[in-house]
Amino acid sequence: MKKKINFIDILIVLVVVAVLLFVVKYFSTSSKEANNVPKVSYVIELKSLQSEYLDVFKEGDDIKDGVKGGYLGKVTKVEIKDNVEIREDTLNASFVKTSFENKKDVYLTVEGIPTTYNDSEILFATQEIKIGKLLHIKAKNYVGHGYVVGVNDNRQELK
C-alpha cells in the first residue's frame, strides 16, 4: 500500500517548521541580550534590628532569596543608621517620628547581574526587584526581610 501526501500532511509539516523557526529565533535573541545585561545594584532596608546582632552583616556576603533560594547578588555596602519610625499620633491626628532604644536600621546594597532585564522588569532568579518590593533574604550568617528602597541599573537612577 502506497500512502499519498495530502494537504493536511503538508500543513502539519509547515506548522512544525514555523514553530521551530520561532523557537530558534527567540532563544538566539535572548542569549544575545543576556550578554548586554548591566550590573544592577539595589538597597534593602532592614528595620528595627537589635544592636547586638549588627556585626553579622558584612560586605561580600552572598544573598539568596529566603523563600525560593535563588541568587540575589553580593553585598557591596553595609550602612547602619539609627532607627527612625514614622507613627500615627491618633490623639493629635498627625504623624510623628519615633525611634526605639537599642534598635538600628540596616541598609544593604546588593549588586549582581539579573537573569531577566528589560524596560519593564528586573528579575534575579524569579524575584522581581523594584522599589517597595518585600524581599526575604538569607546569607551564610543571617536571615531577614526588608523592602527595596532604591534601584540603580548603572545607566539611570530609578529612585
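Side-chain atoms are counted along with the backbone in the values below, which use heavy atoms only and exclude waters and symmetry mates.
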Please determine, by modelled atom types, if Ser94 and Asn92 share a side-chain donor-acceptor pair under 3.5 angstrom. no
Is there a side-chain contact between Leu46 and Leu49, using heavy atoms and a 4.5 Å cut-off? yes
Got more than 12 heavy atoms from elsewhere within 6.0 Å of NZ, Lys58? yes
For Ile122 against Pro114, the heavy-atom pair lying closest together: CG2-CB, 3.9 Å
Give the minimum heavy-atom separation between Val84 and Asp105, together with the two atoms involved. N-OD2, 3.3 Å
Is there side-chain contact between Lys130 and Val148, with at least one heavy-atom pair below 4.5 Å? no
Say whether Asn83 and Ser48, considering side chains only, have a donor N or O and an acceptor N or O under 3.5 Å apart. yes
Could you state whether Val40 and Ile113 fall into the same hydrophobic cluster, counting links through intermediate Ile, Leu, Val, Met, Phe, Trp or Tyr residues with side-chain heavy atoms under 4.5 angstrom apart? yes
Hey, could you give me the NZ/CD distance between Lys81 and Glu45, rounded to the nearest 0.5 Å? 9.0 Å
Would you compute the distance between atom OG1 of Thr109 and atom CD1 of Ile44 and round it to the nearest 0.5 angstrom? 9.0 Å
So how far is it from Lys103 NZ to Glu85 CD, rounded to the nearest 0.5 Å? 9.0 Å
Is the charged tip of Lys77 near the ring of Tyr107: under 6.0 Å from the six-membered ring centre and within 45° of its axis? no
Suppose the criterion is ring-ring contact (aromatic ring centres under 6.0 Å, His included): which pairs have a residue in residues 78-105, not counting sequence neighbours? none
Within a reach of under 6.0 Å around NE2 of His136, are more than 12 heavy atoms found that belong to other residues, nucleotides or ligands? yes
Thr126 vs Lys68, side-chain contact (heavy atoms from CB on, under 4.5 Å): CA-CA, chis, key distance, verdict: CA-CA 8 Å; Thr126 58; Lys68 297 178 182 175; 3.3 Å; yes
Within one Ile-Leu-Val-Met-Phe-Trp-Tyr cluster: Val106 and Ile131, side-chain cutoff 4.5 Å: yes
Hey, does Leu135 have a side-chain heavy atom less than 4.5 Å from the side chain of Asp65? no
Between Lys97 and Ile86 the two heavy atoms that sit nearest each other are CG-CG1, 4.2 Å
Hydrophobic cluster membership, Leu54 vs Ile63, 4.5 Å side-chain cutoff: yes
Can you find a pair of side-chain heavy atoms, one from Leu72 and one from Gln127, that are under 4.5 Å apart? yes
Looking only at heavy atoms, what is the nearest atom pair of Gly70 and Ala125, with distance? CA-CB, 3.7 Å
Tell me, do Val17 and Leu21 make a side-chain contact under 4.5 Å, heavy atoms counted? yes
For Val78 and Glu59, which heavy atoms make the closest approach, and how far apart are they? CG2-N, 4.0 Å
What is the distance from atom CD1 of Ile137 to atom CG of Asp61, rounded to the nearest 0.5 Å? 9.0 Å
Testing the basics here: between Leu123 and Glu128, what is the closest heavy-atom pair and its distance to 0.1 Å? CD2-CA, 3.3 Å
Pairs in or reaching into residues 41-93: which pass ring-ring contact (aromatic ring centres under 6.0 Å, His included), with residues at least two apart or in two chains? Tyr42-Phe124, Phe57-Tyr142
Applying salt bridge (charged side-chain N to carboxylate O under 4.0 Å, His left out) to Lys104 and not counting sequence neighbours gives Asp82
N/O donor-acceptor pair under 3.5 Å between Ser41 side chain and Glu111 backbone: no
Report the distance from atom OG1 of Thr116 to atom CD1 of Ile129, rounding to the nearest 0.5 Å. 11.5 Å
